[in-house]
Amino acid sequence: MTTAKRIDGKAKAAELAQSITVETAALLAEHGIKPGLAVVIIGEDPASQVYVRNKKRTAESCGFHSVQHTLEADVLQADVLTLIDDLNADKSIHGILVQLPLPGHLDEQRITQAIDPSKDVDGFHFINIGKLTAGLTDDAFVPCTPAGCMLMIQDEMGSDLSGKNAVVIGRSNIVGKPMASLLLQANATVTITHSRTKNLARVVAGADIVVAAVGRPEMVKRDWVKPGAVVIDVGINRVEKTVDGEKKMGLTGDVDYNDVSSVASAITPVPGGVGPMTITMLMANTLRSARLAAGLEG
Ligand code: NAD
């Protein structure tokens, strides 16, 4: 029985963050510009609080100007839109991120589409989605999670995925759809699957690349996976785990890691795979936005 290579997203993210830090220092020294990232968090969702804290910490350690706006769960939509207008106009801010999900009374679409596309470092604005879908990947802000997955896939398989079959499980706007666009752009033959897909295991079994973005703990099993496939696990599921006989809450992915490790050639763990890469790609997008605003990138 073989054991898959464990793709260390945490180490790769740290390496990337290091080069972002060096480039940020150079941008400040040579052009007097500090990339600015504004994160807006609304309400008390505990997972969102953790994500926002991590994003702020990483932004600061990269040398960014980092701003957090914490709004009450019952904030008026008009007040959120006013804040976004202010951030759009603020020259010290190059990236704006509104942490999702939003409280139910707020219109997620109105709010994400109010962000200036040139500051949309999450890549959720229709302009950026359109560019990505049209294959203008270099010109778009690409959503951070699929961008991070793509870097890990291309590290394993090279930049040209011609002749490879890729199956994406999940069709969300945040992960599944942009992931499929990126894989297609790299010449993979792409299948998007979702909750209405029939014989999912059989479809996945044809894949050289599997990206699971579902939100169902350890759904993907060994017998779904083609020997030698590269498996990227986006899922973050909070589950009860038994560690040294003690029950604790922990995180697990959408892939049964130990089971699938015996057939895959490479696999990302949860935690320590896609998550850290997502945060670093946000920093990469913000740095790029600052360079674009200064006319330093075409
Ligand atoms: P979502 O709920 O928007 O989408 C889930 C998708 O899974 C849907 O398209 C649905 O059709 C599909 N699905 C549901 N049940 C299925 C089934 N039984 N078989 C096949 N497909 C099924 O979720 P999302 O925002 O795309 O996130 C997916 C997972 O990734 C979640 O666990 C989320 O927490 C995690 N996530 C992680 C990161 C990260 O940085 N690591 C970032 C974003 C999301």
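Atoms within a ligand are numbered from 1 in the order they appear, just like the ligands themselves. Quick note: residue numbers are just sequence positions, from 1.
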Nearest-0.5 Å distance, CG of residue Asn128 to CD1 of residue Ile115: 10.5 Å
Checking a contact table here: which protein heavy atom is nearest atom 31 (C) of ligand 1, and how many Å away? Gly215 CA, 3.8 Å
With hydrophobic residues grouped by side-chain heavy-atom distances under 4.5 Å, do Ile20 and Val67 end up in a single group? no
Using non-hydrogen atoms of the residue, decide whether Ala213 is closer than 4.0 angstrom to ligand 1. yes
Suppose we measure from atom 2 (O) of ligand 1 to each protein heavy atom; which comes out shortest, and what is that distance? Val214 O, 4.4 Å
Should Val274 and Val231 be counted in the same cluster of Ile, Leu, Val, Met, Phe, Trp and Tyr side chains packed under 4.5 Å apart? no
What part of Ile236 sits under 4.0 Å from ligand 1 if we count only heavy atoms: the side chain, the backbone, both or neither? both
Nearest non-hydrogen protein atom, atom 15 (N) of ligand 1: Arg216 NE, 3.3 Å
Salt-bridged, Asp139 to Lys131, with N to O below 4.0 Å? yes
List ligand 1 atoms under 4.0 Å from Leu200, heavy atoms only on the residue side. 19 (N), 20 (C)
Which residue holds the protein heavy atom closest to atom 9 (O) of ligand 1, what is that atom called, and what is the gap in Å? Arg171 N, 2.8 Å
In the protein, what heavy atom is nearest to atom 10 (C) of ligand 1, and what distance, to one decimal place, separates them? Ser195 N, 4.0 Å
In terms of side-chain heavy atoms, does Glu156 have a donor or acceptor partner in Ser265 at a distance below 3.5 Å? no
Return a yes/no value for Thr278: is any of its N or O atoms, backbone included, closer than 3.5 angstrom to an N or O of ligand 1? yes
the protein heavy atom lying closest to atom 43 (C) of ligand 1 turns out to be Val175 CG2, 3.8 Å
Do Gln68 and Thr70 pass the side chain to side chain donor-acceptor pair (under 3.5 Å) test, and can you show the C-alpha distance, the side-chain angles, and the key distance before you say yes or no? CA-CA 6 Å; Gln68 183 177 329; Thr70 306; 3.2 Å; yes
Checking Thr3 against Ser261: is there a side-chain donor and acceptor pair closer than 3.5 Å? no
Using salt bridge (charged side-chain N to carboxylate O under 4.0 Å, His left out), reason through Arg288 and Glu297 one step at a time and then give a plain yes or no. CA-CA 8 Å; Arg288 184 166 153 253; Glu297 272 185 42; 3.7 Å; yes
Taking NZ, NE, NH1 and NH2 as the nitrogens, is one of them in Asp256 or Arg222 under 4.0 Å from a carboxylate oxygen of the other? no
Under 4.0 Å to a heavy atom of Gly275 - the qualifying atoms of ligand 1, by number: 40 (O), 41 (N)
Run the contact test for Thr197 against ligand 1 with a 4.0 Å cut-off on heavy atoms, strictly below, and give the result. no
protein heavy-atom neighbour closest to atom 36 (N) of ligand 1 works out as Val234 O, 3.6 Å
Considering both backbone and side-chain atoms of Thr193, is one of its nitrogen or oxygen atoms within less than 3.5 Å of a nitrogen or oxygen in ligand 1? no
Spacing of CG belonging to Asp90 relative to CG belonging to Leu83, to within rounding of 0.5 Å: 10.0 Å
Among protein heavy atoms, which lies nearest atom 26 (O) of ligand 1, and at what distance? Ser172 OG, 2.6 Å
